[in-house]
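Chain A is the first sequence line, chain B the second, and so forth, proteins listed ahead of strands; every chain is numbered from 1.
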Amino acid sequence: MASKIQTVKGTREFYPEQMFLRNFIYEKVRAASQAFGYQEYDGPFIETIDLYAAKSGEELVKKQSFTFEDRGGDLVTLRPELTPSLARMIAAKQGELTYPVRWWSFGPFWRYEQPQKGRSREFFQWNIDMLGVNSPEADAELIAVGATFLRSVGLDPQRATIYVNNRRLMDSEFDLLGIVPEKRMDVSNLVDRRTKMEPAKWDTYALDLGLDQKQLDGLKDILGNFDLWKKSDELTRLFAALEALGVKEYVKFDPNIMRGLLYYTGTVFEAFETSGSLKRAILGGGRYDNLLADVGGQPLSGVGFAMGDVVAGIILQEAGLLPEFIPTPAAVLVTVFDESMWLKSFELAAQLRNDGFKVMVFPEPAKLQKQFKFADKMKIKIALTVGPDEAANDQVAVKNLVTGEQVTVKREALSDQIRTLIG
RNA sequence: GUGCCUGUAGCUCAACGGCAGAGCGUCGCCCUGUGGAGGCGAAUGUUGUGGGUUCGAAACCCAUCAGGCACCCCA
């Protein structure tokens with residue numbers, strides 16, 4: 001027991017069981033993305049800090065990034081998000097891409113945060129974006145992709161809801177209240193915090209920001225008005241499109257959704273689990289009109305969202321929506337009867353692999369009891385045994401570990417026998 | 001970056017400042033050609049780490065690391 005070196009704070013180790021969960025999420029993410037025709041891509045895992053300085057939230061860049069000096073003295077950052085990399089990649093080939101660009105990605109990200117339930121410092125994130133189309137209908141498509149994912153993992157609309165708002169609508173409402181554009185950021189923060197603060201404290205906080213009582217009352221009216229979307233042509237079209245796309249039951253308008261990232265300009269949305277213990281966003285995104293110009297490209301509008309694997313994984317686990325963990329891909333275990341039969345077992349396994357089966361051989365002669373116990377724990381469905389009796393007749397004992405039935409078949413009939421057992 | 005809580009066997013947790021334990025799991029046997037159930041038995045600890053107080057510390061104090069909860073922020 002020499003080594004007591006711990007893992008880096010906020011990182012996770014993926015034992016086969018956790019890897020199974022990660023791959024499950026990845027498969028569902030890929031399926032939802034591909035169902036809408038999106039292409040998979042990825043960016044570098046390390047970037048210069050300048051890439052994020054342009055438009056990511058100040059908190060994200062200054063406090064939550066893993067930034068360090070490389071051996072050449074340059075400041076590099078483990079990517080905390082993908083959107084700026086995407087914007088640069090698009091800008092670099094802006095003239096030669098076929099629009100609209102529909103891209104998705106699933107990879108690792110790092111944020112220097114206090115780890116807690118649903119939050120780690122190293123996590124995987126699904127990013128999916130459409131660029132080159134600026135319409136509420138395009139926004140609706142992205143929301144539909146998110147809803148498709150939720151549906152595919154078994155989260156029904158009672159369990160998970162996507163809340164939608166529109167920054168332009170809110171800005172015009174703020175204007176009507178006489179809130180100057182310079183204060184929009186502060187007011188956005190204020191709105192973000194409303195559910196987390198005592199009402200009285202929130203009022204005080206609002207007045208401290210410089211709102212007068214009339215503006216505060218007006219703001220409360222707006223935030224309590226769940227029909228406000230009817231005033232917005234964009235949101236009206238968005239909801240019509242969502243209905244046509246067959247995901248309307250997953251989506252609700254909520255004027256309290258603002259989102260912290262600076263680059264959102266129109267539609268914004270966040271999915272929450274409605275019943276569980278975890279009050280964190282499953283996914284979040286929106287429309288960004290100016291991001292590309294900020295990294296040196298021609299103006300190009302985009303819409304997209306991100307989903308972290310940590311929150312999604314916990315929710316699926318708590319909801320009991322994960323499939324049973326299969327420890328090994330092997331469908332067949334070949335036992336080793338004794339030392340004299342050892343190589344016979346190897347030959348048998350090799351033959352079966354040639355026939356396309358996934359086959360594990362017990363690594364040594366041991367009591368058959370022990371070998372069957374092993375097969376049981378690994379949830380292997382079929383165990384094969386070649387003992388002296390079988391070998392003498394060119395036969396193999398085939399045991400179905402699910403039903404407990406065992407038959408002895410000729411070796412040339414073995415593959416067909418296994419095939420019928422696997423189904 | 002802030003506040004609070006926690007850290008004991010592989011896991012879940014006990015143990016008043018006085019001999020470090022239980023359940024589950026693991027391994028062995030019951031069972032010399034066959035898993036799941038049952039019975040019997042066994043192994044396993046620098047009590048996160050480092051200091052301090054004390055005759056005596058898993059327990060009290062300090063530091064540190066990690067986890068959790070709430071802020072902050074967000075996937």
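For an aromatic pair to be called close, the ring centres must be under 6.0 Å apart, and A/Trp104 with A/Phe36 fails this. A/Trp126 and A/Tyr26 have their aromatic ring centers separated by at least 6.0 angstrom.
Between A/Val398 and A/Ile382, the closest side-chain pair of non-hydrogen atoms falls below 4.5 Å. Residues A/Leu51 and A/Arg79 fail the side-chain proximity criterion, which asks for heavy atoms closer than 4.5 Å. Side-chain contact between A/Arg287 and A/Asn134 is present, with at least one heavy-atom pair separated by less than 4.5 Å. A/Thr267 is not listed as a side-chain neighbour of A/Leu142, based on a closest heavy-atom distance of 4.5 Å or more.
Helical stems in RNA chain B, defined as runs of 3 or more consecutive Watson-Crick or G-U wobble pairs with donor-acceptor distances under 3.5 Å: B:1-7 with B:65-71, B:10-13 with B:21-24, B:26-30 with B:38-42, B:48-52 with B:60-64.
B/rG23 sits 11 Å from B/rG41 when the P atoms are compared, rounded to a whole Å. Between the P atoms of B/rA59 and B/rC16, the separation comes to 12 Å (whole Å). Nucleotides B/rC29 and B/rA66 place their C1' atoms 41 Å apart, quoted to the nearest Å. Distance noted for atom P between B/rA9 and B/rG3: 29 Å (whole Å). Rounded to whole Å, the separation between the P atoms of B/rU26 and B/rG21 comes to 23 Å. Taking the P atom of each, B/rC5 and B/rC61 are spaced 10 Å apart, rounded to whole Å. Using P as the reference atom, B/rU44 and B/rG35 are 29 Å apart when rounded to the nearest Å. Nucleotides B/rC55 and B/rG48, compared at atom P, are 24 Å apart to the nearest Å.
A/Phe362 has its CZ atom 15 Å from the C1' atom of B/rG33, to the nearest Å. Summarising the geometry, the separation between CD on A/Gln116 and P on B/rA75 is reported as 15 Å, rounded to the nearest angstrom. A/Arg111 has its CZ atom 14 Å from the C1' atom of B/rC72, to the nearest Å. Rounded to whole Å, atom P of B/rG33 lies 19 Å from atom NZ of A/Lys344. For the pair A/Tyr264 OH and B/rA75 C1', the interatomic distance rounds to 10 Å; values are reported in whole Å. Put simply, OH on A/Tyr15 is 12 Å from P on B/rG10, counting in whole angstrom units. Computed from coordinates, the A/Phe123 CZ to B/rA75 P distance equals 8 Å when rounded to whole Å. Atom CG in A/Leu368 sits about 5 Å away from atom C1' in B/rG33, given to the nearest Å.
Of the two residues contacting RNA chain B, namely A/Tyr112 and A/Phe337, the nearest-nucleotide position lying further toward the 5' end is that of A/Tyr112. Along RNA chain B, the nucleotide nearest A/Leu283 and the nucleotide nearest A/Pro115 are compared for position; the residue whose nucleotide lies closer to the 5' end is A/Pro115.
Pairs of residues two or more places apart, or lying in two chains, that qualify as side chain to side chain donor-acceptor pair (under 3.5 Å) and include a residue from residues 330-340 of chain A are A/Thr335-A/Thr385, A/Asp338-A/Ser340. Among pairs with a residue in residues 305-314 of chain A, those fulfilling side chain to side chain donor-acceptor pair (under 3.5 Å) read A/Arg12-A/Asp309, at least two apart in sequence or across chains.
At a threshold of 4.0 angstrom between heavy atoms, the contacts of A/Phe305 with the nucleic acid are absent. Among the atoms of the strands shown, none is found under 4.0 Å from any heavy atom of A/Gly313. Within 4.0 Å (heavy atoms only), A/Thr408 reaches no atom of the nucleic acid at all. Across all strands shown, A/Asp309 has no heavy atoms under 4.0 Å from either base or sugar-phosphate atoms. Residue A/Thr385 is classed as a base contact, given a heavy-atom separation below 4.0 Å to a base. When heavy atoms are screened at a 4.0 angstrom cut-off, A/Ala375 is found touching no nucleic acid atom at all.
At the phosphate of B/rU26, OP1 or OP2 sits under 4.0 Å from a side-chain N or O atom of A/Lys377. Phosphate proximity of B/rG68 to A/Lys117: absent, as no side-chain N or O sits under 4.0 Å from OP1 or OP2. Phosphate proximity of B/rC29 to A/Lys367: present, with a side-chain N or O under 4.0 Å from OP1 or OP2.
The base of B/rG33 sits within donor-acceptor range of the side chain of A/Glu390, with an N or O pair under 3.5 Å. Residue side chain A/Gln371 does not reach the base of B/rU34 through any donor-acceptor N/O pair under 3.5 Å, judged by distance alone.
Note: A/Phe374 and A/Phe362 have perpendicular aromatic rings, judged against thresholds of 30 and 60 degrees for the angle between ring planes. Between A/Phe253 and A/Phe226, the ring planes lie perpendicular to each other; the angle is over 60°, past the 30° to 60° tilted range. Using cut-offs of 30° and 60° on the angle between ring planes, the pair A/Phe20 and A/Phe325 is perpendicular.
The side chain of A/Asp389 lies closest to B/rG33, out of B/rC73, B/rG33, B/rG67.
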Can you list, pair by pair, the side-chain donor-acceptor contacts under 3.5 Å of residues 416-423 of chain A, counting residues two or more places apart and other chains?
unit_1   : atom_1 : unit_2   : atom_2 : d
A/Asp416 : OD1    : A/Arg419 : NH1    : 3.0
A/Thr420 : OG1    : A/Gln417 : O      : 2.7

Close N or O pairs between protein and nucleotides 36-42 of chain B (under 3.5 Å):
unit_1 : atom_1 : unit_2   : atom_2 : d
B/rG36 : O4'    : A/Asp376 : OD2    : 3.1

Atom pairs under 3.5 Å, N or O on each side, protein against nucleotides 3-7 of chain B: can you list them with distances?
none

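A/Phe124 carries A/Arg22 over the face of its six-membered ring, with the cationic atom under 6.0 Å from the centre and within 45° of the normal.
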Would you please test A/Asn166 and A/Ser232 for side-chain hydrogen bond (donor to acceptor under 3.5 Å, both in side chains) and show each step? CA-CA 8 Å; A/Asn166 187 294; A/Ser232 161; 4.7 Å; no

